[in-house]
Structures are given as C-alpha cells and as structure tokens.
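A short write-up of the structure that comes next.
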Amino acid sequence: MTAESFEEEIRSPGLVDGGRPAPGLVDGGRTAKQPSVAPRSSQDELVAIQNVAARLRAAYPQADAATVEATVGTAYGSFRQARVRAFVPILVERRARTILGAAARAAVVEATTLRPPPAAGSGP
C-alpha cells in the first residue's frame with residue numbers, strides 16, 4: 001500500500017478501487033456501520049493504572065521498579081483497543097501480576113537450584 005492509497009483509505013473508509021464498498025461492508029444494500037474507535041484513556045483510567053503500578057511495586061519489592069513499570073505498561077498497551085474501558089485497570093493488574101509472579105518464581109527456583117559440585121582438580 002502506498003502513502004497515497006493509505007491517505008485515500010483514510011478519507012473514504014470502506015471503499016476500495018473505483019469507489020466500491022469493501023467486501024463485508026455491504027449488508028442487504030445498506031453499508032454496515034463502521035466500528036467505532038475506542039476513546040483515548042481517561043484521566044481516571046490513568047490514575048487507576050498508576051495505582052496498579054504502586055500496588056505491584058509494594059507486592060514485588062524484589063523486582064526493580066522499572067521492571068514493574070515496564071510490565072504494567074506492556075499489559076496496559078495490550079488493552080489499547082478495548083472498547084469497554086471499565087475493566088481495563090483490573091485486567092492490567094491481573095496480567096502484570098501473572099508476569100511478575102512467574103518471574104519471581106523463576107528467580108526463586110534459580111536461586112535454590114543445586115549446582116553440581118566442582119570437577120575434581122579444578123579447585124584451589
């Protein structure tokens with residue numbers, strides 16, 4: 001797709017070459033309603049996400065604060081197209097907790113795994 005065709009698509013959504021409606025947009029002679037785009041995040045949602053990050057930093061003190069922030073940011077980004085925004089903060093928290101919990105468990109396993117004894121003759 002060229003830049004010109006992309007701009008044309010933006011100006012006339014749902015139309016393809018020659019001004020024909022794109023497949024799937026015509027229903028019984030009527031053009032189907034275009035899907036609405038989710039509005040930008042509200043201030044309340046952003047505050048809720050900041051609170052999620054604060055709770056997770058407290059719940060996972062062994063994790064670096066930047067790691068927690070990045071995990072929350074990634075989880076939040078995965079819901080950017082969600083049309084129903086009411087549950088986004090709790091879904092972000094659940095996803096981030098799952099990721100951080102798995103990382104914490106992996107760190108514990110790694111720290112407690114028995115390492116094989118050094119080979120004979122390789123010691124001081």
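Quick caveat, the model's predicted, so the values are computed rather than measured. Hydrogens, waters and symmetry mates play no part in the numbers below; they use all other heavy atoms, side chains included.
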Between Tyr76 and Glu93, is a side chain to side chain donor-acceptor pair (under 3.5 Å) present by the stated rule, with each step listed?
CA-CA 9 Å; Tyr76 185 49; Glu93 185 167 0; over 6 Å; no
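Under the 4.5 Å side-chain contact rule for hydrophobic residues, Leu46 and Val84 share a cluster. Linking ILVMFWY side-chain heavy atoms closer than 4.5 Å, directly or via other members, places Ile49 and Phe87 in a single hydrophobic cluster. Residue Ile90 is grouped with residue Leu56 when hydrophobic side chains (ILVMFWY) are merged at heavy-atom distances under 4.5 angstrom, including chains of intermediate members. Note on Val47 and Val72: separate hydrophobic clusters, where clusters join Ile, Leu, Val, Met, Phe, Trp and Tyr whose side-chain heavy atoms are under 4.5 Å apart, directly or indirectly.
Under the 3.5 Å distance criterion, with hydrogens and angles disregarded, no donor-acceptor pair is assigned to the side chains of Ser42 and Arg85.
Listed for the Arg80 side chain is a donor-acceptor partner under 3.5 Å among the backbone atoms of Gly77. In this structure a side-chain-to-backbone donor-acceptor pair under 3.5 Å is missing from Thr67 to Ala63.
In this structure, the separation between CZ on Arg94 and OG1 on Thr98 is 9.0 Å, given to the nearest 0.5 Å. Remark: Arg95 CZ to Thr74 OG1 distance equals 10.5 Å, nearest 0.5 Å. Interatomic distance, Arg97 CZ to Thr71 OG1, rounded to the nearest 0.5 Å: 12.5 Å.
Between Ser78 and Ala75, the shortest heavy-atom distance links the atoms OG-O, 2.6 Å.
The shortest side-chain heavy-atom distance between Asn51 and Arg55 falls under the 4.5 Å cut-off.
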